[in-house]
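The next block holds one structure in the form of structure tokens; read it before the comments.
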Amino acid sequence: MKIAVPIKFVPDLVEELTIDPSGTALDTTWLRLIINELDDHAVEQAILLKERSGGEVTVLSAEADGVDDFLFTAAAKGADRLIKLTGDFSAADNHALGRAFADVIKELQPDLILTGVQAHNDLDGSVGPLLAEYLGLPYVGYVAGIALDGNKVVARKEYAGGLVAEVEVKLPAVLGIQAAEQPPRYVAYSKIRQVMGTAKIEERPVSNLESSGGVVVGRLFQPEVAERATMLEGSPEDVADKLVGLFKELGTL
Amino acid sequence: MSQDIFVVIEHLRGQVADVSYAMLAGARQLSKASGGEVVAVLLGHNAQGLASNLAADRVLYVDHPALAEFTSDAYQIVLAGLIQEHAPRAVLFGHSSIGMDLASSLSARLGIPVVNSCRTFTDDGKFVSQICGGKIMAEGNLPSPALATMIPGGYKAEEGQSAQTPPLTAVSAPALDNLRVAVKQYIEPDTSDVDISKEKMLVSIGRGIQNKDNIELANELADALGCAVSASRPVVDQGWLPTTRLVGKSGKHVKPKIYLALGISGAPEHVEGMGESEVIVAVNTDPNAPIFNIAKYGTTIDMFDLLPVLIEKVKQAK
Ligand SMILES: Cc1cc2nc3c(=O)[nH]c(=O)nc-3n(C[C@H](O)[C@H](O)[C@H](O)COP(=O)(O)OP(=O)(O)OC[C@H]3O[C@@H](n4cnc5c(N)ncnc54)[C@H](O)[C@@H]3O)c2cc1C
Ligand SMILES: Nc1ncnc2c1ncn2[C@@H]1O[C@H](COP(=O)(O)O)[C@@H](O)[C@H]1O
């Protein structure tokens, strides 16, 4: 079983996000990038499948600041191959990324491609289903749990309210991961350091990264709020008193 | 290209999803700008009854045994054919387990742009999308033609419902052979645990709780208040609480009298499940956290400073 997992980096939402003077993009000066949480789950799911049934896990990413560290982290967790797509991604939209990843992934001939269901910062579609279409493969998203079954997989697809459908998908296929069967494993930094000395990042130059011009953002803005919360001021004691008062007033205490 | 706005109706096991009605309301607004009709597109097997309360000008209905359950494969084939034939101004999908399996795939297949996470449209045909966990909105002209995925919150389901059954045209399905995706079975949510949608108050915890041991603090507070503990997705994905306690898009929808959110940022997928609570109280150290946009009361005090005091005071107040 060969599994490919493209991983993406997104702004950390715990930090303050500011809009640049053009008004159409985030200011990247202080932006801290972290791995898309769902991709951490996709990597975990791939490694779990490999541990269960053998195979090879390839983790791929597009060139960006700090990407090498995330690729080495994946290797420390158990990924076998690391691939970095290189080129000018500054104007690449998701359609362009989908095509670029399709070209590189085609070469690997994987049985399974796991992406995150989505990233929180995109507008022009999602790379998982785009990639699937460019590769001519089926796509099933919102997946939390995968069982291998010969030339197909049974994916647990999540619906609202906790309903799950067991969906049979013929391989090769692209699955959009919502959550791995287990929380993503932790690796100690010492292990990552060790891997940095031995693991190799293969580079694949890609071209044709112009955006298809489908979606043009006119402006970005912070949500306009009808009524923001009334902030309870004071010490923890003061705030606790106010809350107790509120609970009593509303009849929950 | 016609000026009609198509809405792909989502339904599962005999029930139309609320997002479908919200999309009909969004389509109505877009149709004002385009001057076309709102057309509901319903795929299923013996499912025409689901069209009865759709606020659409007309319904295109495709019936086929292979459409009895939702699968990306069969839906994509049918929708690709319909969109090519009718060339609508826009096609709306839910930003959901169903719609997200379709919109981007069809965008690539048909060469039509797709816009994700649309919350509302404007009278002059702009999209307004919510991104970055609810911290940023993006606005732009909806390309023409376009596909779009819609998140809930922008329109109320009732706005897309009608007492009148819209006229329905049955359209024959294309060949649906060699499908690569099939539904084997559904697994029902576990009902052995407390039903958080029935609680008068919820103490709800998010990633801010930091680790499994700290859950005890939330339990202690909930016990003192005589209510249950619920959670956001990361808490459940870490295995700190069971799925039965999950609030949001993939979990339960709750509407308690008081929803006490501890260390929850207020991402749209979470808000989808608790936004209609009567009074939301948020404890979050980030003053810019989107949860404060929907909370009635808030504090930026660290929850680990607040909780021990609050637990004591609640115990004393009883
Ligand atoms: C398809 C899909 C479906 C999803 N379904 C759901 C769903 O059903 N339910 C759901 O909840 N999410 C869902 N999500 C995930 C969602 O996008 C968010 O990632 C999630 O809701 C974030 O959870 P959180 O607020 O607990 O964590 P975070 O966003 O990490 O927020 C943690 C917050 O805690 C605050 N904090 C930290 N320390 C403290 C402290 N000591 N005291 C006070 N505050 C503190 C921080 O300021 C921060 O705002 C879904 C995502 C996708 C893509
Ligand atoms: N630049 C990228 N590099 C690697 N993988 C990506 C990239 N963009 C998107 N992906 C993959 O596509 C998934 C969905 O992201 P998105 O399409 O941005 O919503 C991510 O979780 C990744 O698996």
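In what follows, chains are A, B, ... by sequence order, proteins preceding strands, each numbered from 1.
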Do you know which of [options] has the most heavy-atom pairs under 4.5 Å to chain B?
options	result
A/Pro236, A/Gly218, A/Gly251	A/Pro236
A/Tyr134, A/Tyr139, A/Phe221	A/Phe221
A/Val140, A/Asp93, A/Val143, A/Asn121	A/Val140
A/Gln182, A/Lys248, A/Glu168	A/Glu168
A/Gln118, A/Glu227, A/Glu233	A/Gln118

### Query
Okay, side chain of B/Lys257, backbone of A/Thr252: is any donor-acceptor separation there less than 3.5 Å?
no

### Message
Is it the case that the side chain of B/Ser104 and the backbone of A/Pro129 share a donor-acceptor pair, with hydrogens and angles ignored and the cut-off at 3.5 Å?
### Response
no

Which answer fits [X], side chain, backbone, both or neither, if we ask what part of it has an atom under 4.5 Å from a heavy atom of chain B?
X	value
A/Leu250	both
A/Val216	backbone
A/Ala165	both
A/Val225	side chain
A/Asn94	neither
A/Pro138	both
A/Ser235	backbone
A/Arg99	neither
A/Glu37	side chain
A/Val14	backbone
A/Leu137	backbone

Atom group of [X] that falls short of 4.5 Å from chain A, counting heavy atoms:
X	answer
B/Leu307	neither
B/Ser265	neither
B/Glu272	neither
B/Ala103	neither
B/Val281	side chain
B/Ile136	both
B/Val279	side chain
B/Arg119	neither
B/Pro287	backbone
B/Lys296	backbone
B/Gln76	side chain

Minimum-distance pair of heavy atoms, taken over all atoms of [X] and [Y]:
X	Y	value
B/Ala138	A/Leu220	CB-CD2, 3.4 Å
A/His41	B/Asp237	CE1-CB, 4.0 Å
A/Asp241	B/Lys313	OD1-CD, 2.9 Å
B/Ser129	A/Leu123	CB-CD2, 3.5 Å

Taking every heavy-atom pair that is under 4.5 Å apart, which of [options] has the most such pairs with chain A?
options	result
B/Cys132, B/Pro189, B/Ala267	B/Cys132
B/Asp286, B/Ile280, B/Leu225	B/Leu225
B/Ala108, B/Gly140, B/Ala17	B/Ala108
B/Lys318, B/Gln185, B/Gln130	B/Gln185
B/Glu278, B/Glu269, B/Gln238	B/Gln238
B/Ser107, B/Ala182, B/Pro113	B/Ala182

### Query
Going through the checks in order, is the side chain to side chain contact (heavy atoms under 4.5 Å, CB included) test met by A/Lys242 and B/Tyr297?
CA-CA 10 Å; A/Lys242 288 178 190 161; B/Tyr297 300 100; over 6 Å; no

Can you tell me how far the [atom1] atom of [X] sits from the [atom2] atom of [Y], to the nearest 0.5 Å?
X	Y	atom1	atom2	result
A/Asp124	B/Asn116	CG	CG	7.5 Å
B/Arg180	A/Leu171	CZ	CG	11.5 Å
B/Met100	A/Tyr142	CE	OH	5.0 Å
A/Arg228	B/Ile294	CZ	CD1	11.0 Å
A/Glu237	B/Ile301	CD	CD1	8.5 Å
A/Arg156	B/Lys184	CZ	NZ	11.5 Å

### Query
Going by the salt bridge (Lys or Arg N to Asp or Glu O under 4.0 Å) test, which pairs reach into residues 157-166 of chain A, not counting sequence neighbours?
A/Lys157-B/Asp101, A/Glu158-B/Arg233

### Query
In residues 241-251 of chain B, which residues are in contact with chain A at a heavy-atom separation under 4.5 Å?
B/Lys249, B/Ser250, B/Gly251

### Query
Passes side chain to side chain contact (heavy atoms under 4.5 Å, CB included), B/Leu306 versus A/Leu243? Steps please.
CA-CA 11 Å; B/Leu306 179 67; A/Leu243 287 177; 4.1 Å; yes

### Task
Apply side chain to side chain contact (heavy atoms under 4.5 Å, CB included) to the pair A/His95 and B/Val114, showing each step before the final yes or no.
CA-CA 10 Å; A/His95 288 69; B/Val114 57; 3.9 Å; yes

### Query
Are A/Leu253 and B/Val314 close enough, and set up right, to give a side chain to side chain contact (heavy atoms under 4.5 Å, CB included), and what steps lead you there?
CA-CA 8 Å; A/Leu253 185 70; B/Val314 168; 3.7 Å; yes

### Task
Applying salt bridge (charged side-chain N to carboxylate O under 4.0 Å, His left out), name anything that partners A/Glu181, two or more places apart in sequence or on another chain.
A/Arg52

### Query
Residues two or more places apart in sequence or in another chain: which of them pass side chain to side chain donor-acceptor pair (under 3.5 Å) with A/Tyr159?
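In terms of side chain to side chain donor-acceptor pair (under 3.5 Å), with neighbours along the sequence ignored, A/Tyr159 is linked to no residue.
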
